[in-house]
Each structure stands twice: as C-alpha cells, then as structure tokens.
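Letters A, B, ... are given to chains in the order of the sequence lines, protein chains preceding strands, and every chain is numbered from 1.
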Amino acid sequence: MVKVTLPDGTSKHFDRPVTVSEVAQAIGPGLAKVAVAGKVDGRPVDLYHVIDQDVGLTLITGQSEEGLEIIRHSTSHLMAQAVKELFPGAQVTIGPAVENGFYYDFDFERPFTIDDLNSIEQRMMEIVERDEPIARREMSRDEALVLFKDMGEHYKGEIINSIDASQTLSLYAQGDFVDLCRGPHVPRTGYLKAFKLLSVAGAYWRGNAANKQLQRIYGTAWADMKGLKAYLHLLEEAEKRDHRRLGKELDLFSLQESAGGGLVFWHPHGARVRQVIEHYWRETHIQAGYEFLYTPHMANLELWRTSGHVDFYRDSMFSPMHVDEQEYQIRPMNCPFHILIYQSRMHSHRDFPIRWAELGTVYRYEMSGALHGLFRVRGFTQDDAHIFCREEQIEDEITGILDLTLATLGTFGFKEYDIFLSTRPEKSVGSLAIWEKATQALINAIKKHHLDFVEDKGGGAFYGPKIDVKITDCLGRKWQCSTIQLDFNLPERFDITYIGEDGAKHRPIMIHRALMGSLERFFGILLEHYAGRFPLWLAPVQAVVLTITDAHHRWATVVRDRLRAAGLRAEVDLRNEKIGYKIREHTLKKIPWLLVVGDREQEHQAVSPRDAGGKDLGLTPLDTLIERLVLQVRERRV
RNA sequence: GCCGAUGUAGCUCAAUCAGGCAGAGCAACGGAUUUGUAAUCCGUAGGCUUGGGGUUCGAUUCCCCACAUCGGCACCA
C-alpha cells in the first residue's frame, strides 16, 4: 500500500508502487497531460519515477517557473541531440536553463553559422516528431567515465571528475544521445513544442578566459506556442525601446566612430533632458545640505599613486600622458580631488558633516568588447558626492543619503527597489571594531526606512562596507544605480585629519555615494523605462504649436511665447503642411502636447490640445492649459 | 581583450553569393497646394560604398590589417 499526499492535503492510495505519471493520471487526465515532472518530498523527479513508499507529491506543470525550467533544460538537451546528429564531431559540454530559455556550449572545429542554427532547429523539430522517450539511468563514476570516454566526450569526463564522489551520477538518454545530467526532464521529446534558437556566441569553458572558447547556442523555450509568441513579442518591444535606437530616432545623443568608442555626444534635445535632471539634482542637494565642487579632469600621476589607484585600479585607467617632465593621469574617479580640497585647510569636528557634491566626469578604460550604448562607456559623469564625518555621524548620514536616494529614484518613476548590503571581505583595511560599527550603522539606516535588504556577506570592497540600490524598470529589468560606500582607506592614505574636542588630530570617516550613478547610463535607463515618452517635466520639447494655415502664424507664435514665458519648452510648427502630417511627425517624436491652432482657437484666445495619449481635448483657453501644464511640471508628475 | 556577425546617401535598407557606370523609401532643398487631429503632389540635389593595404584590365563585391557597431563570453570597488 502506497499513500501519496498531495499539496492540498488530500491523499491517494495505491496497492502497488506507482509512477509519478500514474498518480497524475489518477488525479485527472487534464493534469496528466500538462505535467512535466514531479516533486517527491520536495525533490524534483521525472514522471517515470517510481513511488514505492508513502510520500508527499507535487506535480510540476509547464505553468510554473519550475516546470518551465525543466522544459528549457530538456530543450537544451534536445538541441544537443540535434547538434550531435548533424555534427557528430561536436563535443557537448554544459547546457543549462537560463532566464527565458537555455543555452548549450559545444566544442566544435568551426563556429556555427546562422544556417547551422536553422538546420539544428529543423532537426530538433524532427526529433520532437519522433517523440523519443527520455530515459534516466544511474551509473557509477567509473562506468560513466568509460562511457563518455568511448563516446569521445572529454568535457563530460572533466565534469564527472569535478563532481563530489559521494554523489550518484545520473544519465539521460534520448535516441542515441546520452548526457550526464541531474534532471529531471520531460518524459518524451514530444513534450517540447515551443522553442526557437536565437543566437550563437563564443563562451569560455567554465567561464574562464584562460580556457578554450566554445560555441554557445542560445534558445528560448516555453510550455506552448502562446508563451513563445508572447516572449518573441516582448523581445521586439524591448528592441523598440532600446535606448540606442531611441537616441537616434529622437536625436538625443550619438556615439561617433571618428571620435572613438564609448564617448558620448549629447545633442540639443538630449542635453535638455540632462539639464533638467541636473537642475533637479542641484536643487535636492542644496536642500539636503550639500555644497558643490568643481575639480579638474586630470592630475599628476603622483596623486593616483598616493590614492592607490595606480596599484589596484590600473586596468581601468587610461595610460598617463607626458606633460613637461611629469606624468599626468585623466581621472577615473573624483574622490582624490575632493580629498585635496579637504586637505587645503585644517578641519574641526565642528565642520562635520561636510557634504561635497560634484557632477564629476570620469574616464575609464573599458575593454572594447564591453562597450554598450550609454550603458557601458569610457567617459561618463557621476552624480558623485563625498561626505566627511565622525564615526558617530555615520548612521545619520547614511539615513540622509537613503532619503535622498529614494526621493530621487521615486521622482524619476522608479518605485521598486532591491537593497544589497555588502560586508567585510577577508582582505580588508580598518579595524574590526570600525567595520562592525559602520556595518551596524548601515543596517540601522536601512531599517529606519522599513526596507528589506539582502546581505552579501564578505562582498564589500576591502576599504569599507556599502549599500547598493537596484531599481526595476517597467519591463521588470533590474539596474544598479545608487551606491553608498564607506571608505576607511583613502583618509588613511592621504592622512587627512580633523581636530577633535580634545584638541588632538583624528581621522575622519569618508563616504562615497552616487544616486543615479552615471548620468549617461541613468539617462539610457530612463529612456528605455519610458520608451522615449518622457514625463512632461523631463520631455525635451513639452509642447509644439501646430498651425492649420498661414493665417494662424501670429497666434501660434504668441502661444509659443506665452508657453515659454511660463517656463515651458515649446516650439511652433508653421510649415505649410496638412495638420495630419504635423500630428504624425510630432507624435513619432513623442512630444507630450500638440496644440492645434486654427480659426476657432485664434478667435477665442485658445488652443486645441492633443495629449500624449492622442486624445483631442477640444477648444481650451490658453491660460487654462498653461496652468495645467505648469502644475504638472512643478509636481514632476510621472 | 576573446568568438562570431555587420559597416553602402542624414536615416532605414537594396546591389555583394557569381568582380563590370551603386539604387529605393524617408529626410533635405525648390515649386505647386492653404489644408482641422498619424504621411498632398511634382521636381532637384545628395556617395572616396568606415579607413588603410593587396589581388585584378577593372573591387561596394575577393584577401589582409585597423577602427566602429551588434550578439555573447570574460571584465565591471
């Protein structure tokens, strides 16, 4: 007698050992049809798994994340089988499920081409047609080693040798294809219905650049065609809101081949958005008690020796340049400069906290393959600040920074955060006591905001603990922008001090922090988040006045001037074109407000506004509209 | 940096496979049209085919190098 308890608390009784699949069948044929695997007492198993004692069982279907992961993993095996059938010389390595899909790495004598991808996909479908069973088999290490060696699969042997000896090895076979795998898998290839191969790329064996580069094929897989289609649609949507594409379409910025990679050119409209962001930044920082600095973009290399960057940051710095008999370094960071200003005079404990902010442009050497639009560049501007304070002030300062961070991110429309706290790594500077005290201060500050956080134990930099804040954009993607970093190292290296109440010299605490991180990157994130449709307060052009005929030029120009006088960014389109043409053009440019002006409007000192949603609001007095827009801008409505 | 792909007019793309005067749409410019909520018509101009080298009678096309971009990997205090 076998008793199987289901998640809802009910149980099924069988008078003989049963497979997971049979239990599913007993619950209902509908469930049996969609189940891809099961979980016996929390352990994932195949549908073929035999239950011979009392257990708890959960059936996994393609509807759940777990089920999808199994489908994706099985699809990666399906792909490997297809590759082996088509290219017997290819060696298989690893092929896991990843977010939204899977990949499999192969060692093959030549790179796979797009045509190969097509034929592999074709062959995958054939194997699905064959509906081959996928069978699990357990095996001893030695047997498995011999088996894979005979098959010429050397990477598998390497994997087996790296697996803990106490573990039983399981193999999955479908047709002639055998793979070392923990499983579980769907029971037959016929279960895999919705997949598509997406791309091929090089990837290092075991993720190590010193190892051989393999051929990685990426694909996506879903429980059904509906899921696949929805995902492919999402990919298209993401492509449409790609900031590189929008940057060009909306004429916001460019990267210039003749200037070199990773260097950003802000065009007038992009620059306007940036100015609005910077203006907001200045305003909030004044309110938060910051003062502003401007410092140079380069300095004597000796400074970077003192700071230690030459030792531990060299790989990210551009080569120094020779000036007179000296070497100069373009700056990868702003902090040493702020320290120099600190050092320019004596400081008392009464000066603290000192909060110095700078929109500091820095240049970092990024490897050519790492460059990516505005997200990864070689020159960028940080909304940087450094706080000098005493130990007792850390908690208040961090609290204040978190206030400012959340207010800033929220204003730009990001309301979902993930907070990470990184603590002391093995190799670190500063006393254990200060680390402990500071870390606790960070935790307290986070708790004051009633926020959850993930602790990355030992994940901090050697010179201090830190808090990172990740935001989630409207496509659910996460971006790290804000970082608050304590530094016990630089004050030491530069030997900066303050005079305490006791009249003696003490070492101040230094906090680095950036809220948006890099303005370039943040702008790119905003652009994708809003798909180029900036909220009114950020939009480079907030309204365009459109005339019906030449007869309305005068009133249209007055309207534009009145809008401008009210502080709005307005343009006028006097071209001799049909109104539909003008509407289309400015709609494509994602202008939030289009103000149509014809006889009626001119007569009534009015406009006919069309909002960002394409809605025609009808004849509206100009004053009413201006009031409305000004309010929206003032509130920074998103 | 590594693997692969790509680079043609301001933009989006043809022509490249198989070497033989480089094309289209949009944008720009000129003209006509004076128009009411997502494209009015006609015309004109626009190119060192990313840069450098090579093969060839002849190179956008084939080969080599560089640069940039794209997809990944690695990197990313």
Side-chain angles (χ1 to χ4, degrees), chain A residues 98 103 105 108 110-114 116-117 198-218 239 242 244-245 248-249 251 254-263 308-309 312-313 315-316 332-333 335 364-373 375-378 422 425 427-428 459-466 468 480 483-487 489-490 512 514 517-518 521 546-553 574-589 594-601 608-611 614-619:
Chain A
V98 292
Y103 67 79
D105 287 347
F108 191 43
R110 63 168 177 83
F112 293 113
T113 64
I114 298 295
D116 293 335
L117 245 54
L198 296 176
S199 61
V200 54
Y204 299 107
W205 167 235
R206 305 218 136 163
N208 186 337
N211 289 343
K212 183 165 182 187
Q213 195 153 35
L214 309 170
Q215 299 297 319
R216 173 172 299 180
I217 302 178
Y218 280 94
E239 203 184 313
D242 187 311
R244 294 166 298 188
R245 175 186 176 136
K248 200 180 275 181
E249 282 174 7
D251 196 15
S254 60
L255 299 152
Q256 304 278 345
E257 182 174 350
S258 57
L263 301 169
H309 287 92
F312 60 76
Y313 205 69
D315 290 349
S316 296
M333 290 193 191
C335 26
R364 297 183 184 174
Y365 172 74
E366 296 282 359
M367 281 185 287
S368 56
L371 301 176
H372 180 94
F375 289 165
R376 200 77 182 270
V377 292
R378 285 178 171 164
S422 304
K427 230 184 100 198
S428 65
F462 70 89
Y463 49 82
K466 67 166 176 175
D468 291 322
Q480 195 213 304
T483 170
I484 305 169
Q485 169 82 59
L486 262 63
D487 191 337
N489 181 49
L490 276 188
H512 310 251
S518 136
R521 199 173 103 99
L546 315 177
T547 50
I548 302 289
T549 76
D550 296 354
H552 316 114
H553 283 191
L574 302 178
R575 288 176 304 171
N576 177 13
E577 293 289 351
K578 288 176 134 174
I579 195 68
Y581 178 88
K582 296 186 187 181
I583 297 243
R584 175 182 159 81
E585 192 156 283
H586 295 107
T587 303
L588 290 174
K589 290 288 179 199
L594 303 182
L595 310 178
V596 176
V597 159
D599 288 338
R600 267 179 286 144
E601 290 77 12
S608 285
R610 181 188 161 103
D611 69 15
K615 198 173 148 219
D616 182 355
L617 304 190
L619 199 67

Looking at every strand, decide which applies to [X] at a 4.0 Å heavy-atom threshold: base, sugar-phosphate, or nothing.
{"X": "Gln215(A)", "answer": "sugar-phosphate"}
{"X": "Arg610(A)", "answer": "base"}
{"X": "Ser608(A)", "answer": "base"}
{"X": "Ile548(A)", "answer": "base"}
{"X": "Gly598(A)", "answer": "base"}
{"X": "Asp315(A)", "answer": "nothing"}
{"X": "Tyr218(A)", "answer": "sugar-phosphate"}
{"X": "Ser199(A)", "answer": "sugar-phosphate"}
{"X": "His552(A)", "answer": "nothing"}
{"X": "Tyr204(A)", "answer": "base"}
{"X": "Ala203(A)", "answer": "sugar-phosphate"}
{"X": "Gly369(A)", "answer": "base"}

Distance, rounded to the nearest Å, where [X] contributes [atom1] and [N] contributes [atom2]:
{"X": "Gln256(A)", "N": "U50(B)", "atom1": "CD", "atom2": "C1'", "value": "13 Å"}
{"X": "Arg364(A)", "N": "C75(B)", "atom1": "CZ", "atom2": "P", "value": "17 Å"}
{"X": "Glu239(A)", "N": "U69(B)", "atom1": "CD", "atom2": "C1'", "value": "14 Å"}

Go through [options] for me and flag the one nearest to the [X] side chain.
{"X": "Arg584(A)", "options": "A38(B), U37(B), G4(B)", "answer": "A38(B)"}
{"X": "Asp599(A)", "options": "A28(B), G36(B), U40(B)", "answer": "G36(B)"}
{"X": "Arg244(A)", "options": "G71(B), U37(B), C75(B)", "answer": "G71(B)"}
{"X": "His372(A)", "options": "G36(B), G71(B), C75(B)", "answer": "G71(B)"}
{"X": "Glu257(A)", "options": "C11(B), C67(B), A27(B)", "answer": "C67(B)"}

### Message
Measuring only the P atom in each nucleotide, how far is G47(B) from G23(B)? A whole number of Å is fine.
### Response
13 Å

### Message
Give me the distance, rounded to whole Å, that separates U61(B) from A14(B) when you measure between the C1' atoms they each carry.
### Response
14 Å

